[in-house]
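Just so you know, ligand 1 is whichever comes first in the structure, and atom 1 is the first atom listed for that ligand.
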Amino acid sequence: MLYALLYPLHTTYSAFNVFRYITFRTLLAAIMALSVSFLFGPWLIARLTALQVGQQIRPDGPASHQSKAGTPTMGGALILFSLTLATLLLADLANPYVWLALGVTLSFGLIGFADDYRKLRRRNSRGLTGRQKLVLQFAIATIAAFLLLYLSGFDSTVPVPFFKDVHPNLGWFYVPFAALVMVGASNAVNLTDGLDGLAIGPVMITSVTYAIFTYVSGHVKIAEYLQVSYVAGAGELAVFCGALAAAGLGFLWFNAYPAQMFMGDVGSLSLGAALGVVALISKQEIVLVLAGGVFVIEATSVIFQVVSYKLRRKRIFRMAPLHHHFELLGWPEPQIIVRFWIVSLICALGALSTLKLR
Ligand code: 57M
């Protein structure tokens, strides 16, 4: 909005020319999202506390979690508000990819909100059933995948990292594939969100990684130089990613150990889907497995645990997802969190190296 209003003024005042630059608007969007998060965070915590929107804790988890009962949840709404405001103000709203990314993020946020709301109404830790959530997620993701295919001029190729000439064309299989990327990312972030700051740290790191990827994919010269797929208009999503990372940073202020609020499913489901959709738009979807390595490790630990238990009646980990395993081994919570952030940073650097190593 500000872009549309202020950039045209550059003909009279040349200073407004800066609004043309994605890098400038990304920085401004980040500052705005961070400020809004800081400004509204204490208000939201006070409101959620007054409304008794407190976390119900599962009785079968690690004992240390029982003291977290009543922590205000649904803090993800703060992230979504800051992200949406900053994106609407600073991104080019004539760009359909911006609307697609916002639409997917907010729709998944609505599913999460329904889940959180049900948990609160029933005053237990059961919201929507797993099946209900999956059906809703796949419905939204499938519509988004069709739209994406249409917007990209039916480009159903999927570039493979490290191999510059390998771009398998999935044809119509691209739709289920893209839906799976969004739903998978959403659920993987949700599984990771089990310790203070554990999910938001890697979400921020992955967002910054994708701010770089989207910028590169949307810049004809840099994309050509680095031999990555050029996607006209994808660069505008750097503004979205910058706002996402900064909104996350603002939320982390309140979610840092010991947390004053949790993001709830409204946060975890939407943030994962946001990462999935930007990865798809920038045609850097496979590398998301590396960039979001922590989420993949957490989700894989659950799959291995369940399969092992079903087949052998034996567990691999003391408890899945993996962060619970370390808790039960006696690692202090802040140590697990910071170590997972370190792993996430290493994964992000590995993902970025694919820009050059090909
Ligand atoms: C999200 N949610 C947290 C909070 C947060 C299939 C199975 C592996 C599913 C998995 C599961 O339900 N995962 C979903 C995990 C919960 O946090 C809330 O949920 C939101 C995110 N959706 O924003 O609102 C609890 O996590 C803690 N927390 C923090 N700080 C934070 O910043 O400390 C969250 C955010 C909060 C708080 O205690 O209450 C959760 O864990 O419930 N299920 C599990 O993770 C369960 N694992 C399990 O059953 N493992 C089995 C099998 C199935 C693999 C096994 O190992 O044998 C465990 N979860 C819990 N207790 N809480 C089991 C025991």
Worksheet item: Is the shortest distance from a heavy atom of Ala259 to ligand 1 less than 4.0 Å?
Response: no
Considering only heavy atoms of [X], which atoms of ligand 1 have at least one such atom less than 4.0 Å away?
{"X": "Val302", "result": "8 (C)"}
{"X": "Asn190", "result": "1 (C), 14 (C), 15 (C), 21 (C), 22 (N)"}
{"X": "Asn255", "result": "32 (O)"}
{"X": "Thr73", "result": "24 (O)"}
{"X": "Met263", "result": "23 (O)"}
{"X": "Gln305", "result": "54 (C), 55 (C), 56 (O), 57 (O)"}

Practice prompt. Take Asn187 and Gln137 through the test side chain to side chain donor-acceptor pair (under 3.5 Å) and record every step on the way to the result.
Written response: CA-CA 10 Å; Asn187 288 315; Gln137 287 176 321; 3.1 Å; yes
Worksheet item: Partners of Asn17 by side chain to side chain donor-acceptor pair (under 3.5 Å), sequence neighbours excluded?
Response: none
Discussion item. Any carboxylate oxygen within less than 4.0 angstrom of a Lys/Arg side-chain nitrogen, looking at Asp265 and Lys133?
Written reply: yes
Worksheet item: Among Asp193, Leu322, Thr71, Leu198, whose heavy atom sits nearest atom 3 (C) of ligand 1?
Response: Asp193
Worksheet item: Heavy atoms only: which of Met319, Arg58, Arg318 is nearest to atom 49 (O) of ligand 1?
Response: Arg58
Worksheet item: Taking only residues two or more places apart in sequence or in another chain, which ones pass side chain to side chain contact (heavy atoms under 4.5 Å, CB included) with Ile222?
Response: Tyr215, Val216, His219, Leu226
